[in-house]
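All remarks here apply to the structure that follows.
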Amino acid sequence: MSPDQPGKRPGAHPRSSSTRRAEAARAAAERAALARGVRLRSTYLTIMGVVLAVAAVNVLLGAVGVLRETRPRPLTQSERARYAQEDVARRWRAWPVGMVFPEELEYAGLGRAQQYARRVGVAPETSCAAAVDSPVASVLRRYRCLTMLRATYVDQTATFAVTVGVAVLRDEQTRVDAAAKLPQDDRVGVRPVAFPNTVTDLFGAAQRQRTSWVGAGPYIVFSSVGYTDGRTRDSVPAEEQLNSEMWPAAQSIAARIARSLAEPPEVPRCTQGNVC
């Protein structure tokens, strides 16, 4: 065996040029991958920053829009008109019975003396066609009358009985159209409602002396009046009907109920009350 050459460590082998090139290429690849990763991360962060900024702007604009929508502002003329119309239209079901048909109603008697009619009773709510005579029912059915409310009053002397019927239409224009088609006949209208064991016991269709109606908002307010002693229309002379307090009292009672139902409400100035 030949002796070791001087200056050489045992077991050491010189690195080939191909190995060095491979390591250099690997290092270059790692640096390139690292640089690419840094660029991708920067791009990702930039995109996310833009997305978050856009989202923040949208949220801010939305919040500003909500604040503008919910912030109190003055009502427009159309909004005020719609508020009043809707308030009047829901009174028949929103008001308690004592507001629709008060227990007492003031009316003008002979010589314009102030007198009071007393409510005897309130009938159950019913369909419009069931509460009126046939010629009137056909009109109310055609214009899709929603319901009928009825109550009976007596005058201060309990001589006359007056049944008041409130026909509820969809809106004021429908009421105007329906009223134009009602028959001009004071023998037909709302059917009287008698309450047993009261002074109105004998008040029926044959006892009606006259009928009428008045329009108010989406309502047609009917009235039928007669004597409480059972006298029929045919038994009362025409001149007695003309000179009687009965007819003005009935008209006054129905008109008061109609005015109350259609009285314009107090409309708030702003969308959230009276402070803008």
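Just so it is clear, the values below take in all heavy atoms, side chains as well, and ignore hydrogens, waters and symmetry mates.
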Does [X] reach the side chain of [Y], with side-chain heavy atoms less than 4.5 Å apart?
X: P218; Y: T174; result: no
X: D155; Y: V162; result: no
X: Q209; Y: W247; result: no
X: E263; Y: R91; result: yes
X: F101; Y: I257; result: yes
X: V188; Y: P183; result: yes
X: L182; Y: V136; result: yes
X: R208; Y: D133; result: yes

Indicate yes or no for a side-chain donor-acceptor contact from [X] to the backbone of [Y] under 3.5 Å, with no hydrogens or angles considered.
X: D87; Y: Y83; result: no
X: S224; Y: P192; result: no
X: Q156; Y: Y116; result: yes
X: Q207; Y: G204; result: yes
X: T228; Y: A161; result: no
X: Y107; Y: R256; result: no
X: T147; Y: T126; result: yes
X: T152; Y: V193; result: yes
X: S138; Y: P135; result: yes
X: T232; Y: A206; result: no

**Asked** Does K181 come within less than 4.0 Å of D177, counting only side-chain N to carboxylate O?
**Response**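 Judged by the 4.0 Å cut-off on N to carboxylate O distance, K181 and D177 do not form a salt bridge.
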**Item:** Carboxylate-amine/guanidinium contact R233 D186, below 4.0 Å
**Value:**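 The answer is yes: the pair qualifies as a salt bridge.
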Nearest heavy-atom pair of [X] and [Y]: which atoms, and what distance?
X: A216; Y: A262; result: CB-CB, 3.6 Å
X: C145; Y: L169; result: CA-CD1, 3.8 Å
X: W95; Y: S260; result: CH2-O, 3.2 Å
X: A254; Y: V221; result: O-CG1, 3.7 Å
X: R175; Y: G217; result: NE-O, 2.8 Å
X: D201; Y: P196; result: OD1-CA, 3.1 Å

**Request:** Take V154 and F203 through the side-chain contact (heavy atoms from CB on, under 4.5 Å) test and state the conclusion after the steps.
**Result:** CA-CA 11 Å; V154 292; F203 184 42; over 6 Å; no
Please determine whether the number of non-hydrogen atoms from other residues, nucleotides or ligands lying under 6.0 Å from atom [atom1] of [X] exceeds 12.
X: Q77; atom1: CD; result: no
X: R187; atom1: CZ; result: no
X: E125; atom1: CD; result: yes
X: R142; atom1: CZ; result: yes

Hey, what do you get for [atom1] ([X]) to [atom2] ([Y]), rounding to the nearest 0.5 Å?
X: Y153; Y: R119; atom1: OH; atom2: CZ; answer: 6.0 Å
X: R141; Y: S134; atom1: CZ; atom2: OG; answer: 7.0 Å
X: R118; Y: I253; atom1: CZ; atom2: CD1; answer: 11.5 Å
X: Q251; Y: R210; atom1: CD; atom2: CZ; answer: 7.0 Å
X: F160; Y: D229; atom1: CZ; atom2: CG; answer: 10.0 Å
X: M246; Y: Y227; atom1: CE; atom2: OH; answer: 4.5 Å

Common cluster, [X]/[Y], ILVMFWY with side-chain heavy-atom separation under 4.5 Å:
X: V122; Y: V190; value: no
X: M99; Y: V164; value: yes
X: L105; Y: Y219; value: yes
X: V139; Y: I220; value: yes
X: V166; Y: V88; value: yes

**Request:** Check R191, R150, M148 against V132 for a side-chain contact (heavy atoms from CB on, under 4.5 Å) and give me the one that passes.
**Result:**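 Exactly one option meets the side-chain contact (heavy atoms from CB on, under 4.5 Å) with V132, and it is M148.
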